[in-house]
Amino acid sequence: SRLYGTTSTVEYYGGAQSLGAEAFGHLLVSAGTKATTGNITLAGNFTCNTGAVVNSTHNWTAAGQWTVNGTFTQTAGMTTFSTGATHEISGSGSSQFYALASSQSTINANAHTISISENWSHGSGGVFNAMTSKVTFNGAGNQTQPAAAFVPSFYNLVINKTGGTLSSRVWTVSNDFQLIQGSFAPESTSSFKNVLIAGGTFSCPSGSIGVSGTWTRNGGVFNPDSGTVIFNNAAADQLINGSATAQAFNHLTINKGSRKLIYGGSISQVTVGGTLAMTSGNIILGATGILELGTAVSTPGDLNYTAGTIIN
């Protein structure tokens, strides 16, 4: 191990190189593929340039900014953003963390692509600002996430888990939510813009979730349980679509002002097993679309009508 000043910059620019256990000031990986052989401590910034690759099975501690325009992949160990500073995580590349600790720091995620395959912990201060980032949870086992007080929302959120569960919490996703594989069970009052279910199982809570964008199911399972899905964008039309031909809800609420909920894609039938609440807004079934209340003659559904029109 060598002694580097806290404001010094060390650049790795060769081909295949090893990063040994070191305490760096600033670390720049400008080219080539690097693999760690020990824990890395940064008093300053970490930069990984376009085309560069860093593979790690060790711990990283970062006190400064984290900029990855290439690829950072950690398959063991933990990355810790140390307490006190505001950390910018940025770059056009991707950062795959194994375990992530954001201490009591404020994290500005910018437009970066972040993946986490183990637990994510946070201290008692600071927040994660999603900005326009994408966060993917892709572990094979149970993963924990910070409470909504410290990670209040996500911009793009992807669940791509081969096993295990996520924390029980309220999830707020302001742009795209994708369930690729795995189980997802948000708490009541969770809210989403665009929802894509491509695989896995999405379990609705016993309370309600809100959707302000497009609902797409191309595969997987939506388990309505005893919950309510509320389509609530009063400023724009919304779609229920996808390659699946049918979608079942328990309770469904249309609260869209003068805007419409429209069948699209291959969807030809929506079943509401409990109550359809027409608060405001219209449902456009299309020429052959079916809206079914109840699951059988012996178990009819209910219509709670305030305003709106169902148009075939």
Side-chain angles (χ1 to χ4, degrees), residues 157 159 161 165-166 168 170-171 173 176-233 237-256 259-306 308-312:
L157 177 64
I159 311 301
K161 291 177 56 58
T165 60
L166 298 172
S168 178
V170 172
W171 297 84
V173 183
D176 291 336
F177 170 79
Q178 298 180 58
L179 177 58
I180 307 302
Q181 60 178 340
S183 298
F184 183 68
E187 288 187 354
S188 183
T189 72
S190 292
S191 62
F192 306 89
K193 186 181 179 184
N194 300 314
V195 174
L196 169 63
I197 303 172
T201 301
F202 187 127
S203 296
C204 191
S206 58
S208 65
I209 61 171
V211 179
S212 63
T214 297
W215 179 282
T216 304
R217 190 168 73 83
N218 293 331
V221 175
F222 174 72
N223 186 351
D225 290 326
S226 59
T228 301
V229 176
I230 304 170
F231 287 91
N232 56 11
N233 192 336
D237 295 340
Q238 294 178 255
L239 291 173
I240 296 181
N241 67 8
S243 59
T245 59
Q247 176 64 69
F249 299 98
N250 180 48
H251 303 308
L252 181 64
T253 297
I254 311 302
N255 188 12
K256 294 187 50 57
R259 308 301 298 196
K260 299 182 286 291
L261 178 66
I262 304 170
Y263 284 23
S266 298
I267 289 290
S268 60
Q269 179 169 328
V270 171
T271 299
V272 181
T275 299
L276 171 64
M278 294 287 294
T279 303
S280 62
N282 303 323
I283 301 177
I284 310 299
L285 305 181
T288 60
I290 297 171
L291 177 60
E292 183 177 65
L293 298 187
T295 56
V297 173
S298 59
T299 55
D302 296 314
L303 174 63
N304 185 351
Y305 179 81
T306 302
T309 304
I310 300 172
I311 302 171
N312 206 215

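We use all heavy atoms of the structure for the numbers below, so side chains are in, but hydrogens, waters and symmetry mates are not. Because the structure is a prediction, the values reported are computed rather than measured.
The backbone N or O of Gly286 lies less than 3.5 Å from a partner atom in the side chain of Asn312, making a donor-acceptor pair. Not a single donor-acceptor pair under 3.5 Å links the side chain of His251 to the backbone N or O of Gly274. Judged by distance alone, the side chain of Ser280 and the main-chain N or O of Asn255 form no donor-acceptor pair under 3.5 Å. With hydrogens and angles ignored, the 3.5 Å screen pairs a side-chain donor or acceptor of Ser190 with a backbone N or O of Trp171.
Checked against side chain to side chain donor-acceptor pair (under 3.5 Å), Lys260 has the following partners two or more places apart in sequence or in another chain: Asp237. Looking at residues two or more places apart in sequence or on another chain, you find a side-chain contact (heavy atoms from CB on, under 4.5 Å) between Thr245 and Ser266, Ser268. The side chain to side chain donor-acceptor pair (under 3.5 Å) test applied to Asn233 returns no partner, not counting sequence neighbours. By the side-chain contact (heavy atoms from CB on, under 4.5 Å) test, Leu239 is found to be paired with Thr214, Asn241, Ile262, residues two or more places apart in sequence or in another chain being considered. Phe249 pairs by the ring-ring contact (aromatic ring centres under 6.0 Å, His included) definition with Trp215, Phe222, not counting sequence neighbours. In terms of the side-chain contact (heavy atoms from CB on, under 4.5 Å) criterion, residue partners of Ile311 (sequence neighbours excluded) are, by chain and number, Ile284, Thr309. By the side chain to side chain donor-acceptor pair (under 3.5 Å) test, Thr299 is found to be paired with Thr295, residues two or more places apart in sequence or in another chain being considered. The side-chain contact (heavy atoms from CB on, under 4.5 Å) check on Ser298 picks up Ala296, with sequence neighbours excluded. By the salt bridge (Lys or Arg N to Asp or Glu O under 4.0 Å) test, Asp225 is found to be paired with no residue, residues two or more places apart in sequence or in another chain being considered. Residues passing the side chain to side chain donor-acceptor pair (under 3.5 Å) test with Thr189: none are found, sequence neighbours excluded.
Annotation: the span from Ile159 atom CD1 to Leu196 atom CG amounts to 12.0 Å, rounded to 0.5 Å. The CG atom of Leu285 sits 9.0 Å away from atom CD1 of Ile290, with the distance rounded to the nearest 0.5 Å. Within the model, atoms CD of Gln247 and OG1 of Thr216 stand 10.0 Å from one another, a figure rounded to the nearest 0.5 Å. Atom CG of Asn304 is separated from atom CG of Leu252 by 12.0 Å, given to the nearest 0.5 angstrom. If you take CE on Met278 and NZ on Lys256, they are separated by 11.0 Å, rounding to the nearest 0.5 Å. In this structure, the separation between OG1 on Thr279 and CD1 on Ile230 is 8.5 Å, given to the nearest 0.5 Å.
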Side-chain polar contacts of residues 177-188 - donor-acceptor pairs under 3.5 angstrom, sequence neighbours left out - could you list them?
residue : atom : partner : partner atom : Å
Gln181  : NE2  : Asn160  : OD1          : 2.9
Glu187  : OE2  : Ser168  : OG           : 2.7
Ser188  : OG   : Ser208  : N            : 3.0

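For the pair Leu291 and Tyr263, the minimum side-chain heavy-atom distance is below 4.5 Å. Within the 4.5 Å cutoff, side-chain heavy atoms of Ile310 are placed close to those of Leu276. Contact check for Arg217 versus Ile267: no side-chain heavy atoms found under the 4.5 Å cut-off.
A donor and an acceptor atom, one from each side chain of Asn194 and Asp176, are located under 3.5 Å apart.
Among residue pairs with one or both ends in residues 279-304, none qualify as salt bridge (Lys or Arg N to Asp or Glu O under 4.0 Å); sequence neighbours excluded.
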